[in-house]
Structure formats: structure tokens, C-alpha cells
Amino acid sequence: MTRASLDKQPHEVASMFDDVADRYDLTNDVLSLGQARLWRREVARAVDARPAQKVLDLAAGTATSSLPFARTGAYVVPCDFSQGMLQVGKRRHPWLPLTAGDATKLPFKDDTFDTVTISFGLRNVQATESALRELYRVTRPGGKVVICEFSQPTWAPFRTVYTEYLMRALPPVARAVSSNPEAYVYLAESIRAWPDQPALAALLQKAGWSKVAWRNLSGGIVALHRGFKPS
């Protein structure tokens with residue numbers, strides 16, 4: 001079994017997600033205490049996909065996150081660099097154009113998508129700023145980015161309880177439901193090391209995105225960041 005380290009070597013991260021692909025969606029539902037579905041609904045609202053729009057769903061995994069966009073009539077491209085995830089996704093959703101791609105070197109032309117979105121994947125990219133610039137490059141002028149990522153709870157007492165859950169409760173639960181519990185130890189550590197809401201907003205602005213804003217979900221356990229590419 002593979003566990004990535006916090007320097008996030010791409011081959012380690014890809015291999016780790018290959019290992020957990022089959023039970024990934026189930027494990028997420030269990031570990032998030034059912035909140036993962038709520039978060040996906042909020043992402044769908046923020047993306048607000050429309051018929052004939054082009055949407056890039058980066059770090060789409062098994063493409064579960066892409067389904068709400070497809071249902072609106074938008075053309076959605078689920079993209080991930082884990083071959084294992086893509087294989088499971090293709091088995092479950094053969095009609096979707098699942099695409100292999102690295103967030104720092106996307107296989108798409110400039111100004112292709114109306115909206116680009118990434119949920120719980122930016123944290124696993126080795127070069128965050130490179131990924132934000134690549135998302136900017138493939139978005140059309142006037143288009144937007146929506147990022148859903150674990151963040152920092154805003155209420156200090158809850159933040160302490162949450163951190164304890166991540167490092168103490170999460171690994172035993174993962175051992176019960178996941179094919180690679182070590183992967184979830186990495187995920188817990190990567191959440192603790194991830195920038196807070198204002199810091200991620202600053203990285204978006206540095207990459208060129210304008211009108212950057214964020215909204216907290218579940219008390220700040222997760223944050224939705226949004227930005228626009230100037231017309």
C-alpha cells in the first residue's frame with residue numbers, strides 16, 4: 001500500500017489514490033459523517049452550470065463530483081491523474097469523457113472552459129500556484145473558478161476538537177472502511193498543513209483571478225473559494 005508524503009511527489013499521490021479508488025466514495029461519506037454530499041451540492045450551486053457550457057472538473061476521481069454538472073446539460077470533462085480512479089469512473093459512468101491530466105500541465109488549449117472547478121484535490125497538488133495558473137490559462141475570459149477544499153474551522157474550541165478528530169479518530173475509522181487506511185493518515189496531515197481561507201484567497205489573486213471570495217461550509221471545515229478571469 002502507498003502513502004504519500006507531505007512533499008506530495010506526483011507518483012506517490014497518484015499511486016495512493018489508485019489504491020483507494022474502489023471504495024473512495026463510500027469512505028468519504030463515512031469519514032465526513034455524511035457531509036460530503038452536502039458539500040457536493042454546494043459546489044454544484046456555486047458552479048451554476050448551464051446547458052452547452054464547458055466545465056472542467058479537475059481531480060474528479062471517479063467522476064461522482066461531475067454528475068451534477070452533466071445533469072444540467074453542460075459539457076463536463078472529468079480530469080484526474082490517478083489511472084485507478086479514472087478506470088473506476090469509466091466503469092461507473094462510461095458516457096463521461098474522463099481524461100488523464102496533471103493539474104500543473106493540463107492537456108487543454110487556452111481559454112477552453114466557462115468554469116473550472118476542483119474539489120478536495122488542490123491540497124494534493126505538489127505546486128499549488130502552478131495549478132492555479134493552469135486553471136486560469138484554460139478558462140475563457142469572463143469565466144470562473146470554484147475551489148472546494150478543507151480549511152480551518154472559524155470557532156477556536158471547535159477547531160481543537162476537529163484537529164483531534166483528524167489525527168485520532170480518522171485513522172481507526174479509515175482502517176474499518178478503506179482499502180488503504182495509511183492514505184487517510186496522509187490526508188489528515190495534509191489538511192492540517194493546508195493554508196487557511198485568506199491565504200488561499202491570496203494565492204488565487206496572485207495567479208491572476210479577480211473578485212476572489214470565499215464562503216465557509218460546516219463551520220469552516222470546508223471552504224468554497226471563487227474567482228473570475230477578467231474579460
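Keep in mind that this is a model prediction, so the values were computed, not measured.
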[X] to [Y] - nearest heavy-atom pair and separation:
X      : Y      : answer
Ala44  : Phe69  : CA-CE2, 3.9 Å
Ser119 : Val43  : OG-CG2, 3.7 Å
Pro97  : Pro78  : O-CD, 3.7 Å
Glu149 : Gly121 : OE1-N, 3.4 Å
Gly208 : Pro230 : O-CD, 3.9 Å

Strictly distance-based, threshold 3.5 Å: is any side-chain N or O of [X] a donor or acceptor partner for the main-chain N or O of [Y]?
X      : Y      : result
Ser218 : Ile221 : no
Lys229 : Thr139 : yes
Thr117 : Val146 : yes
Gln197 : Asn216 : no
Lys54  : Thr112 : no
Ser210 : Phe228 : yes
Arg226 : Lys211 : yes
Asp57  : Ala60  : no
Thr128 : Gln126 : no

May I ask you to decide whether [X] forms a salt bridge with [Y], counting only side-chain N to carboxylate O separations under 4.0 Å?
X      : Y      : answer
Asp110 : Arg137 : yes
Glu129 : Lys206 : yes
Asp48  : Arg50  : yes

Separation between [atom1] of [X] and [atom2] of [Y], rounded to the nearest 0.5 Å:
X      : Y      : atom1 : atom2 : value
Gln53  : Asp114 : CD    : CG    : 4.5 Å
Leu132 : His225 : CG    : NE2   : 10.0 Å
Trp209 : Leu203 : CH2   : CG    : 13.5 Å
Leu122 : Leu200 : CG    : CG    : 6.5 Å
Phe120 : Arg40  : CZ    : CZ    : 8.5 Å
Leu135 : Lys144 : CG    : NZ    : 14.5 Å

Does [X] reach the side chain of [Y], with side-chain heavy atoms less than 4.5 Å apart?
X      : Y      : result
Val222 : Ser151 : no
Cys79  : Leu56  : yes
Val55  : Tyr75  : no
Leu224 : Ile147 : no
Leu67  : Leu96  : yes
Leu106 : Leu58  : yes

* Asked: What about Leu38 and Trp214, same hydrophobic cluster or not, with Ile/Leu/Val/Met/Phe/Trp/Tyr joined at side-chain heavy-atom distances under 4.5 Å?
  -> no
* Asked: Would Thr104 and Glu134 count as having a side-chain donor-acceptor pair, cut-off 3.5 Å?
  -> no
* Between Phe150 and Trp194, is a side-chain contact (heavy atoms from CB on, under 4.5 Å) present by the stated rule, with each step listed? -> CA-CA 8 Å; Phe150 289 108; Trp194 184 244; 5.6 Å; no
* Of Leu86, Asp80, Thr62, the residue whose pairing with Leu98 passes side chain to side chain contact (heavy atoms under 4.5 Å, CB included) -> Leu86
* To do: Verify side-chain contact (heavy atoms from CB on, under 4.5 Å) between Val116 and Tyr136, making sure each step is shown before the conclusion.
  => CA-CA 8 Å; Val116 294; Tyr136 185 90; over 6 Å; no
